[in-house]
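These notes concern the structure reproduced below.
Within every chain, numbering begins at 1; the chains are lettered A, B, ... in the order of the sequence lines, protein sequences first and strands thereafter.
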Amino acid sequence: MSVDIVLTVNGTRRTIPIPDPRTTLLDLLREGLHLTGAKKGCDRGQCGACTVLVDGRRINSCLALAVSLDGAEVLTIEGLAEGDHLHPVQEAFIAHDGFQCGFCTPGQIMSAVGLIREAQAGNDPERVREAMSGNLCRCGAYAGITEAVLEAQGAMSQHTIRDSATRQGEAA
Amino acid sequence: MIPFEYVRATDVADAVAAGGAPGAAYLAAGTNLLDLMKGGVSRPTRLVDITRLPGLAAVERRDDGSVRIGALVRNSDLAHDPAFARTYPAVAEALLSGASAQLRNAATAAGNVMQRTRCPYFTDTGSACNKREPGSGCDARGGETRLHAVLGWSEACIATHPSDFCVPLVALDAVVEIAGPAGTRSVPLDAFHRLPGDAPERETVLEPGELVTVLVLPPEAARFSGHSRYLKVRDRTSYAFAVVSAAASLRLDGGRIAEARLALGGVALKPWRAREAEAVLAGRAPDEAAFRAAADAALAGARPSGDNAFKIELARRLVVRAFQRAAAGTPERLPALPGSAFAPASEAAHV
Ligand SMILES: Cc1cc2nc3c(=O)[nH]c(=O)nc-3n(C[C@H](O)[C@H](O)[C@H](O)COP(=O)(O)OP(=O)(O)OC[C@H]3O[C@@H](n4cnc5c(N)ncnc54)[C@H](O)[C@@H]3O)c2cc1C
Ligand code: SF4
Ligand code: FES
Ligand code: FES
């Protein structure tokens with residue numbers, strides 16, 4: 001029995017038929033919507049390569065049933081940049097060599113975006129490492145990843161401060 | 001994964017009606033259930049999606065000082081609820097010591113309590129397992145038993161319950177509220193999970209169709225906020241299940257222990273409340289001798305179920321350390337590595 005669900009994927013709201021309820025969000029993204037950024041590493045919640053944001057929170061898309069997410073907003077790596085303008089986390093990963101082969105990178109970056117939104121780690125590298133422990137990197141790019149997350153977080157809070165200062169300036 | 005019918009429940013009565021059918025299973029976030037379905041370990045023919053049930057996603061404080069944790073509250077939301085974490089710091093620390101940030105964002109409170117064992121022979125359908133297939137045998141016996149039980153096990157099954165969350169909850173006398181075809185009932189968490197005995201396939205007291213709706217912490221649970229810790233020894237300090245864990249809470253009065261609470265994780269097929277150890281501590285000064293006596297009492301009945309005798313001494317030492325840290329006082333902020341039994345690493349030591 002096919003069920004239709006509505007998902008907002010990377011800002012676009014769409015009705016999606018789910019012919020088989022066994023479909024995970026990861027398989028829907030990769031096979032159904034051809035968004036292959038999210039990777040299938042383990043398919044069992046153990047590696048983080050499939051990390052995407054659902055309603056603003058990072059989760060493992062391999063362990064989420066697509067039909068259960070009817071109505072949700074999904075953000076994948078493909079929706080992060082604005083045109084050619086990279087997201088600060090993407091820029092920081094490049095600046096700090098936060099990858100080698102790149103397989104884990106979409107998951108690392110989406111996880112980092114989620115971590116920064118959660119605002120629990122602060123500037124403490126140990127807390128950043130702990131909060132990123134759900135993302136494995138077989139190339140061992142961890143040192144660069146930690147630096148990238150810290151720098152992106154700093155850059156984004158600067159933006160926020162600047163943006164609100166500009167808004168206040170405009171209001172005055 | 002075998003095909004199944006997907007049913008989205010709209011209220012508790014609806015869920016219970018749909019969940020009572022043979023072959024039905026409740027779907028919360030699916031982080032344990034889908035994993036087991038992919039491996040062919042769980043083979044439900046109907047999934048009843050409970051994630052939209054109204055009223056079960058809130059943490060509610062009552063005037064009498066109790067707190068009600070809705071079945072659908074996400075693990076991360078509970079751990080990061082500032083008032084909750086301040087009052088029940090060992091519960092927050094246990095939650096944050098478990099799984100990964102992604103999994104905690106999805107996992108629900110009831111799903112965590114209901115999660116199945118991580119015994120590798122249970123998850124491997126090529127192995128004999130009395131829990132998965134009653135009467136088939138237990139390939140864990142004589143196998144790889146590092147994470148298996150040292151308390152409360154039986155000849156039929158030596159598995160452990162893997163939840164961190166349940167360990168401080170059982171120490172704090174949490175109660176499970178259940179809705180079912182015959183109405184609602186409450187069961188202490190300590191009596192909720194069954195020891196294996198000769199029927200390891202019966203994991204909890206839930207009857208077919210019964211649904212966990214709320215986890216309740218009684219008013220007395222709030223008395224331990226100043227002196228509570230959860231420590232967890234794992235093979236790596238993050239994103240790993242407990243080899244052994246301990247939730248220790250103290251209420252101190254005039255330099256003496258007025259009341260102690262202790263539970264152990266990773267040692268039995270249920271979160272293990274150690275009441276004998278609590279009795280040993282009552283009225284004593286909070287010093288190492290007292291904590292050692294408590295640890296001995298807690299592990300008095302322990303025996304290895306394979307190559308895991310080391311867990312008994314490890315558990316004793318962890319109990320002492322957890323009580324020492326609890327006596328020193330709950331930290332102002334949760335440590336960077338929640339549950340770590342080791343001293344915090346000096347900065348940049350392992351960058
Ligand atoms: C890689 C990995 C690492 C992990 N590490 C840890 C760890 O270190 N510590 C730890 O404690 N946990 C760990 N977990 C387990 C995790 O905590 C559980 O998967 C999660 O809590 C389950 O919650 P859920 O909402 O996803 O439940 P689901 O997977 O949806 O359900 C789990 C079970 O509970 C039943 N169920 C769900 N809700 C109810 C209800 N309201 N009433 C009755 N039955 C119900 C389901 O039918 C199913 O049998 C880990 C998981 C993974 C995949
Ligand atoms: S220990 Fe229990 S769960 Fe593991 S194989 Fe034996 S019967 Fe199955
Ligand atoms: S593919 Fe989802 S966690 Fe590995
Ligand atoms: S860059 Fe290769 S796995 Fe991380």
Q) Which pair of non-hydrogen atoms, one from B:Ala341 and one from B:Arg325, has the smallest distance, and what is that distance? A) O-NH2, 3.0 Å
**Q.** Shortest non-hydrogen separation from B:Val167 to B:Gly265 and the atoms involved
**A.** CG2-CA, 3.6 Å
Contact class of [X] relative to chain B, heavy atoms under 4.5 angstrom:
{"X": "A:Ser68", "answer": "both"}
{"X": "A:Leu115", "answer": "neither"}
{"X": "A:Gln120", "answer": "both"}

If we define contacts as heavy-atom pairs under 4.5 Å, which of [options] has the most with chain A?
{"options": "B:Arg236, B:Arg52, B:Arg74, B:Met37", "answer": "B:Arg52"}
{"options": "B:Pro338, B:Ala336, B:Ala29, B:Ser238", "answer": "B:Ala336"}
{"options": "B:Arg104, B:Arg8, B:Glu5", "answer": "B:Arg8"}

Q: Would you confirm whether B:Asn105, through its side chain, and A:Arg58, through its main-chain N or O, come within 3.5 Å as a donor-acceptor pair?
A: yes
Q. Is the backbone of A:Val9 close enough, under 3.5 Å, to the side chain of A:Arg14 for a donor and an acceptor to pair up by distance?
A. no
Q.
I'd like to know whether B:Tyr88 forms a side-chain hydrogen bond (donor to acceptor under 3.5 Å, both in side chains) with B:Ser228, so could you lay out the CA-CA distance, the side-chain angles of the two residues, the decisive distance to 0.1 Å, and finally the verdict.
A. CA-CA 8 Å; B:Tyr88 314 103; B:Ser228 285; over 6 Å; no
Tell me, side chain or backbone of [X] under 4.5 Å from chain A's heavy atoms, or both, or neither?
{"X": "B:Thr31", "result": "both"}
{"X": "B:Leu47", "result": "side chain"}
{"X": "B:Pro335", "result": "backbone"}
{"X": "B:Leu33", "result": "neither"}

Q.
Considering only residues two or more places apart or on different chains, which pairs with a residue in residues 17-40 of chain B satisfy salt bridge (charged side-chain N to carboxylate O under 4.0 Å, His left out)?
A. A:Asp43-B:Lys38, A:Arg44-B:Asp35, B:Asp35-B:Arg118
Q. Can you tell me how far CZ of A:Arg30 sits from CG of A:Leu35, rounded to the nearest 0.5 angstrom?
A. 10.0 Å
